[in-house]
Amino acid sequence: MELNPRHPLVKELRSRVENDEKDEAATELAMVLFETATLRSGYGLKDTAAFAARVEKMMRRSLGVSLDEQVSKIHQRQCYRDTGYQADL
């Protein structure tokens, strides 16, 4: 994988890590960047559940939804009844 150091996302990630090496959000975003590049290249991910969890965490932060807020049990039951699948999102 090659990174374009002039890409705005790479520049921002670098800046965040230079400011705070322990920036959890920057670490997760870098991992999502790597995983996305892996998928775009036609490869699969070993841990798709971890990838999905990172994407959900990014979405929650972007939308201002608490990381701790749970899906209501009523919604989960309704979704299962309608589709036959357990809904985590």
Side-chain angles (χ1 to χ4, degrees):
M1 176 177 130
E2 292 183 30
L3 286 177
N4 177 353
R6 293 179 298 278
H7 192 286
L9 291 174
V10 175
K11 288 168 56 175
E12 181 61 26
L13 281 172
R14 180 178 178 175
S15 173
R16 287 183 180 212
V17 170
E18 286 174 347
N19 289 331
D20 180 5
E21 291 181 5
K22 296 180 181 179
D23 184 335
E24 181 183 332
T27 301
E28 289 177 356
L29 290 169
M31 190 65 181
V32 169
L33 179 65
F34 171 76
E35 290 169 326
T36 302
T38 300
L39 292 170
R40 283 184 172 183
S41 297
Y43 296 98
L45 300 176
K46 290 181 181 177
D47 192 349
T48 56
F51 174 69
R54 276 188 283 281
V55 170
E56 180 181 352
K57 193 180 237 185
M58 287 174 37
M59 292 175 68
R60 284 175 177 261
R61 285 182 175 148
S62 294
L63 296 171
V65 176
S66 169
L67 297 176
D68 298 326
E69 188 172 336
Q70 299 294 312
V71 176
S72 74
K73 295 295 180 189
I74 294 170
H75 175 75
Q76 286 180 335
R77 283 192 300 269
Q78 178 68 40
C79 200
Y80 183 78
R81 188 172 57 239
D82 292 347
T83 66
Y85 295 101
Q86 178 66 35
D88 293 327
L89 286 179

Fill in: Non-hydrogen side-chain atoms of L33 and V10 separated by less than 4.5 Å
yes
Worksheet item: Of all residues at least two apart in sequence or in a different chain, which pass the side-chain hydrogen bond (donor to acceptor under 3.5 Å, both in side chains) check with E69?
Response: none
Item to complete: Check whether any side-chain N or O of R60 sits under 3.5 Å from a backbone N or O of S66 as a donor-acceptor pair, and report yes or no.
Response: yes
Fill in: Within one Ile-Leu-Val-Met-Phe-Trp-Tyr cluster: L13 and M31, side-chain cutoff 4.5 Å
no
Discussion item. So, using salt bridge (charged side-chain N to carboxylate O under 4.0 Å, His left out) as the criterion, who are the partners of E28 when residues are at least two apart?
Written reply: K57, R61
Practice prompt. Please answer: with hydrophobic residues joined when any side-chain heavy atoms are less than 4.5 Å apart, are V65 and M58 in the same cluster?
Written response: no
Worksheet item: About how many Å separate CG of D68 and CD of Q70, when rounded to the nearest 0.5 Å?
Response: 7.5 Å
Worksheet item: Going only through I, L, V, M, F, W and Y residues with side-chain contacts under 4.5 Å, is there a path from M59 to L39?
Response: yes
Practice prompt. Measure the OG1-CZ distance between T36 and R54 for me, rounded to the nearest 0.5 Å.
Written response: 10.0 Å
Worksheet item: So how far is it from L29 CG to R16 CZ, rounded to the nearest 0.5 Å?
Response: 6.5 Å
Practice prompt. Give a yes or no on this: more than 12 heavy atoms of other residues, nucleotides or ligands lie within 6.0 Å of atom CD of E18.
Written response: yes
Worksheet item: Can you name the salt bridge (charged side-chain N to carboxylate O under 4.0 Å, His left out) partners of K11, sequence neighbours left out?
Response: none
Worksheet item: G44 and T38: which non-hydrogen atoms are nearest, and at how many Å?
Response: O-CG2, 3.8 Å
